[in-house]
Protein chains: 2
Amino acid sequence: MSESPKRTKTQLKSHIRAQNQALILTTAERVFARQGLAKTTTQMIADEAGLPKANIHYYYRSKKDLLEAVLESILQLWLDSVSQFNVETGPRYNLTRYISEKLDQSRLNPNASKVFAMALIGEEPFVLEFLRRFFVDELQKEKQTINRWVEQGLMKPVAVEHLFITIWAMTQTYADFDAQVKILLKKDELEESDFDEAKQFVTRMVLLSCGIEDI
Amino acid sequence: MSESPKRTKTQLKSHIRAQNQALILTTAERVFARQGLAKTTTQMIADEAGLPKANIHYYYRSKKDLLEAVLESILQLWLDSVSQFNVETGPRYNLTRYISEKLDQSRLNPNASKVFAMALIGEEPFVLEFLRRFFVDELQKEKQTINRWVEQGLMKPVAVEHLFITIWAMTQTYADFDAQVKILLKKDELEESDFDEAKQFVTRMVLLSCGIEDI
DNA sequence: AAAAAAGTTGAACGATTGGTTAGTTTTGTC
DNA sequence: GACAAAACTAACCAATCGTTCAACTTTTTT
C-alpha cells in the first residue's frame, strides 16, 4: 500500500492498458468523424481497431463513455496547442499567430475538428460544460489584452465576442465542412496551399477589421 | 383523361395529402434539428406531429425519403430567398444585402440551417449533389459580377471562393452553433439585436477586405 | 348508393445494436 | 512455477427501430 513503489508498478503494469486505450481512442475518433456520432457502432470501431467488440467495452464501459473520452482528448489537445495572447508582442503578431495556429489545427487534425463540431451541433452536454467552464474565462482574458492594445492605440475597438466567434467560424469551416469547401474550390482534396490561402485571407480580414494596416 | 378538369380535381382531392405532408415536413425538420439526423426516430416525429407512426410511413416510404424531402424543402427555401448579385447596384449594396439576408435566414429558420449543416457535416450525398449541381454555377456568376466591379475600380480584387466560404461560415455559425454563441455571449437566447450586431460586424469585415471604405 | 380510391392505424416482424456474462488466456510477482 | 490480477473474447440478451401488413374508415368518383 506504499505510495511511490506502487505507482511505478502500476505504470509499468498498465502499459498494455495505455497502449490499447490509445489505439481505441484514435480509432474511435476517426470512425466518429467519418460516420457521425450516432451512426458509429462500437462494432465498427472494434473492427477498424482489429479488436473484438467486447474488448472495446472492457476499456470503455459504454459508447457514451468512449465518446466523452475522445472529446476529452480533443479538448486537451486544444488547450495545449492554442497559445494565449501576449500583450507585449502586440495585436498584429498575436492575431496572425492565433489564426495560423487554428487553421493548422483544422488541417492537421481534421478528425478532431469534425468530432468536436458534431458534438457541438448536437449540443452534447459534455462539450457545452467544457465551453462554459473554460472558454468564457479564456475569452475574458483575451478581451482584457485587446482592451490594453486599444488603449495603447495599437488597434481600433472591436466587438471582441463577435471577433472570436467569426474567427472560430472561419477557421473551423475548412475542416468541418471540407466537403463543401472542396466542391467550391473544385478540388478532390484540400492541400496545404489551400490552407495557406485561407490563412492569408482570414488574417487580412481580421487585421483590417481591427484597424491594423495591411503590410 | 382531359387535362384541366383532372388537374383541378387532383388539387382538391389531395388537400388532405398536402396538409399532412406539410405537417410531417415541418415537424420532422424541427425534430431532426433538435435530436440530430440519426438519433431522430420516426416515432418521435409521429408523436410530435400527433400522428401514428404508420401514418408517417404512409406519406414517406422510408426515413431516408423523409429526410431528403425535408432537405429539398430547405434548399428550395434557400434558392427562393437569397437574391443574386446585381451588377448595377454596386458591391457595397449587394454584399451588405447578401450578408443581411443570410443572417436573417439563420435567425428566422434556425431549424433549417441546423438540419442543413448536419447533413453537410455528415456528407449526405443528397446535399453534396445539390451543391455540385447548383452552387458551383452560382459562384461562377457572382465571380463574374465581382470581376466587373473590380474592373470598374469599385472594389479591390479578392479571392472570391474564400470570400464566399468565409461569409457562409460566419453567417451560418450563429444558427448552427448557437449553443456555443450563447455561451460566449452569456445569453440564454439569442435576440434580434445580437443578430444585428453580427450583421454589422460581418458586413464591416467583408467590406473592408474588399477595399470598400467604411461609412 | 354502389364502387373505388385514399387515408388511417394497431400490431407484428426482422434486423441491428449496446451491453453483459462467464469462462479462458496472458502477464506480472513472489 | 504457483498464484493473482489483468486482459481477452465467444456467445448471448434485451431493447430499439425502421418497415410492413392487413383490417378498417373516410372521402371521392361514377
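It should be emphasised that the depicted structure is a prediction, and the values quoted were computed from it without experimental measurement. Naming: A, B, ... by sequence-line order, numbering from 1 per chain.
- Regarding contacts with the backbone of C:dT8, a side-chain N or O of B:Tyr59 is found under 4.0 angstrom from either OP1 or OP2.
- Between D:dA6 and A:Arg17, no contact under 4.0 Å exists linking OP1 or OP2 to a side-chain N or O.
- Not one side-chain nitrogen or oxygen of B:Tyr58 sits closer than 4.0 Å to the OP1 or OP2 atom of C:dT8.
- Remark: A:Gln172 pairs with A:Lys102, A:Asp176 by the side chain to side chain donor-acceptor pair (under 3.5 Å) rule, at least two apart or across chains.
- In this structure, the salt bridge (charged side-chain N to carboxylate O under 4.0 Å, His left out) partners of B:Glu191, at least two apart in sequence or on a different chain, are B:Lys187.
- A straight line from CD1 of A:Ile24 to C1' of D:dC8 spans 11 Å, rounded to a whole angstrom.
- Residues passing the salt bridge (charged side-chain N to carboxylate O under 4.0 Å, His left out) test with B:Lys114 are A:Glu123, B:Asp178, sequence neighbours excluded.
- Between the CG atom of B:Leu66 and the P atom of D:dC17 there is a distance of 16 Å, rounded to whole Å.
- Judged as a salt bridge (charged side-chain N to carboxylate O under 4.0 Å, His left out), and not counting sequence neighbours, the contacts of B:Lys143 are B:Glu161.
- OP1 or OP2 of C:dG28 sits under 4.0 Å from a side-chain N or O of A:His15.
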*Once each nucleotide of nucleotides 16-22 of chain C is scored for protein heavy atoms under 4.0 Å, what B/S/- sequence comes out, 5' to 3'?*
-SBBB--
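- Note on B:Glu48 versus B:Arg34: salt bridge recorded, some NZ/NE/NH1/NH2 to OD/OE distance being below 4.0 Å.
- Distance CG (B:Leu67) to P (D:dT19): 12 Å, rounded to an integer number of Å.
- Atom CG in B:Asn55 sits roughly 13 Å away from atom C1' in D:dT25 (whole-Å rounding).
- Contacts of B:Tyr98 classified as side chain to side chain donor-acceptor pair (under 3.5 Å), with partners at least two apart in sequence or in another chain: none.
- Side-chain N/O atoms of B:Asn20 include none lying less than 4.0 angstrom from OP1 or OP2 on C:dA6.
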